[in-house]
Number of protein chains: 2
Amino acid sequence: MASGSRTGRPPRTSVWLDDRLAPKRRSNAEQPSGLDRERITAAAVRLLDAEGLEKFSMRRLAAELGVTAMSVYWYVDTKDDLLELALDSVFGEIDLPVDSPDADWRDQVRRLADEYRGLMVGHPWVSSVLGRYLNIGPRAMEFADAARRVVERAGLPAPRITGALSALFQFVYGFGTIEANWNSRCREAGLGSDEFFHRVFGKVRGRAEYATSLELMEQRGGDTVDEMRQRDFDIALECLIAGIETMRERGTGEADAAPDDPSDGAS
Amino acid sequence: MASGSRTGRPPRTSVWLDDRLAPKRRSNAEQPSGLDRERITAAAVRLLDAEGLEKFSMRRLAAELGVTAMSVYWYVDTKDDLLELALDSVFGEIDLPVDSPDADWRDQVRRLADEYRGLMVGHPWVSSVLGRYLNIGPRAMEFADAARRVVERAGLPAPRITGALSALFQFVYGFGTIEANWNSRCREAGLGSDEFFHRVFGKVRGRAEYATSLELMEQRGGDTVDEMRQRDFDIALECLIAGIETMRERGTGEADAAPDDPSDGAS
DNA sequence: ACCTGAACACCGTTCAAGT
DNA sequence: ACCTGAACACCGTTCAAGT
């Protein structure tokens with residue numbers, strides 16, 4: 001009945017949880033072809049960046065490494081595993097804030113949000129991969145821990161911290177997804193952001209369904225698409241930070257812990 | 001040089017912008033096989049719901065319709081076009097608020113957010129499709145218009161409205177993506193949300209990288225995964241609403257319009 | 001106008017075989 | 001221990017042909 005069991009073996013959950021090859025992950029390049037997990041992952045990231053997730057294939061990757069498609073399977077169980085490895089590897093690019101209790105938590109939130117957004121814009125395939133897997137690799141966990149420490153310093157009651165984290169970083173995720181997708185389409189069309197915008201804009205002019213949206217756009221005349229986007233991001237982020245500040249001491253808690261559980265302040 | 005031009009014809013942007021077949025979209029089922037766009041789209045949605053985006057294929061869909069794979073191509077240019085049609089069709093399920101100026105905008109925001117989240121959870125493929133295409137179908141536009149009208153009623157200065165919209169709905173998008181993905185994995189594993197959680201939880205116990213996350217989880221003992229998720233969603237949404245309220249009159253505008261443009265209050 | 005069949009250029013992955 | 005080649009069961013899409 002369970003759809004994942006048609007091949008006999010149980011459905012995979014994540015490289016980080018059930019990787020048959022994990023212990024043999026020696027990075028010594030003593031192999032005939034100089035292959036190892038790091039080299040494969042790095043090549044995957046390079047290819048994903050250059051050609052996109054759609055065109056990425058095990059065969060294409062193997063060719064890039066000068067090797068047969070099946071050689072890669074010696075180091076990696078499945079394509080899914082490889083994508084998870086690539087995902088976690090780019091999380092390593094994020095510059096995490098040092099734990100300085102004198103710094104303003106708001107600035108640190110802004111910096112983390114910028115870093116996260118930058119990751120998604122810099123690697124347009126990240127959004128899609130993030131949405132497909134569990135994202136529990138070691139570097140993603142470091143990022144999550146850092147984010148939690150920063151938001152904890154805002155002084156929220158404990159049960160609200162995960163909600164605030166969710167508001168912040170799910171927003172950045174959604175924003176980065178749209179932005180990365182837009183950029184990819186521009187690249188495919190061989191156009192700059194503004195040229196592509198005006199092409200879409202032009203095709204839609206005069207159609208009733210788009211009247212109000214067009215109107216909204218014309219009010220913001222004079223700016224580039226990138227400027228509008230940056231401003232929306234900044235405003236949204238300030239909105240979130242201000243929202244978090246209001247939740248520090250407000251006693252209401254309609255949405256807080258279960259109705260008959262008064263242990264909100266527990267460490 | 002542009003990567004999209006390898007096939008000779010220009011890269012597609014959207015069914016809604018360059019659909020060669022648009023005018024012939026007659027819905028009279030006078031065809032030999034009773035096929036038309038609506039029937040095809042409906043079947044696609046059914047199949048996507050039942051088996052997921054990964055397993056969805058033109059051949060599989062054709063089989064479901066009792067027809068050859070290539071028959072579908074008479075009504076639809078590409079698989080991408082079909083996915084955009086399916087996406088817009090489920091946007092039609094969203095129950096839009098009537099324009100009642102006496103209702104509290106906060107309640108209407110909560111309702112729209114719930115509807116949007118419900119759409120993504122009810123159709124786990126929606127998140128992925130949303131992240132890949134432009135989402136400018138007629139029903140998606142109606143939703144966007146409704147959202148804009150609701151947020152406008154919060155009384156923000158005009159240049160902040162799109163930022164606030166972004167904060168709200170990109171958050172719901174991100175949240176819904178994670179949630180839908182989690183649910184899909186549970187279904188694949190043939191487990192309930194809590195059982196699946198405890199499986200992952202168990203595999204990770206004792207590993208240093210996961211120590212702080214596990215600690216965080218244990219503090220919330222006693223609740224089901226769904227309850228925790230619902231609470232995070234509610235708290236995040238209240239955080240966003242509170243944030244929007246603080247942006248109504250605050251004069252700072254560090255992130256507002258361009259520095260030398262004082263025309264903020266323009267209609 | 002609508003539908004089919006065969007074909008092209010791909011996929012991820014398995015498996016037996018090589019070194 | 002590591003890598004290859006052939007094969008399986010698929011893809012999206014084109015194109016010439018049928019009715």
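In the text below, chain A, chain B and the rest are named by the order of the sequence lines, each starting its count at 1. What you see is a predicted model, and the numbers here were worked out from it, not measured in a lab.
Under the 6.0 Å distance and 45° angle rule, A:R117 counts as a cation-pi partner of A:F233.
Between B:L21 atom CG and C:dC3 atom P the separation is 12 Å, expressed in whole Å. The nearest whole Å value for the distance from the CZ atom in B:F56 to the P atom in D:dC10 is 17 Å. Distance B:E54 CD to D:dC11 P: 12 Å, rounded to the nearest Å. The nearest whole Å value for the distance from the CZ atom in B:R59 to the P atom in D:dC10 is 10 Å. Atom P of nucleotide D:dT14 and atom NZ of B:K79 are separated by 14 Å, given to the nearest angstrom. The interatomic distance linking A:R20 (CZ) with C:dT13 (P) rounds to 12 Å, in whole Å. With rounding to whole Å, B:M70 atom CE is found 8 Å from D:dG12 atom P. Nucleotide C:dT14 holds its P atom 11 Å from the CE atom of A:M58, rounded to whole Å.
Defined by atom type and a distance below 3.5 Å, a donor-acceptor pair is present between the side-chain atoms of B:D49 and B:W125. Defined by atom type and a distance below 3.5 Å, a donor-acceptor pair is present between the side-chain atoms of B:T13 and B:D18.
Pair assignment for D:dA1 gives C:dT19, based on Watson-Crick or G-U wobble hydrogen-bonding distances that are each under 3.5 Å. Both distances falling under 3.5 Å, in either a Watson-Crick or a G-U wobble arrangement, place D:dA7 opposite C:dT13.
OP1 or OP2 of D:dC3 sits under 4.0 Å from a side-chain N or O of A:Y75. Phosphate contact (OP1/OP2 of D:dC3, side-chain N/O of A:W74, threshold under 4.0 Å): absent.
Remark: of the listed residues A:L61, A:V67, A:L85, A:L61 is the sole one forming a side-chain contact (heavy atoms from CB on, under 4.5 Å) with A:I40.
The listed nucleotides are C:dC3, C:dC11, D:dA1; the one nearest the side chain of A:S57 is C:dC11. Of all nucleotides listed (C:dC11, D:dG12, D:dG5), D:dG12 comes nearest to the side chain of B:Y73. In the set C:dT13, C:dC2, D:dG5, D:dG5 carries the atom at the smallest distance from any side-chain atom of A:T68.
Note: B:F143 and B:F169 have perpendicular aromatic rings, judged against thresholds of 30 and 60 degrees for the angle between ring planes.
Counting any heavy atom pair closer than 4.0 Å across all strands shown, A:S71 reaches a base atom.
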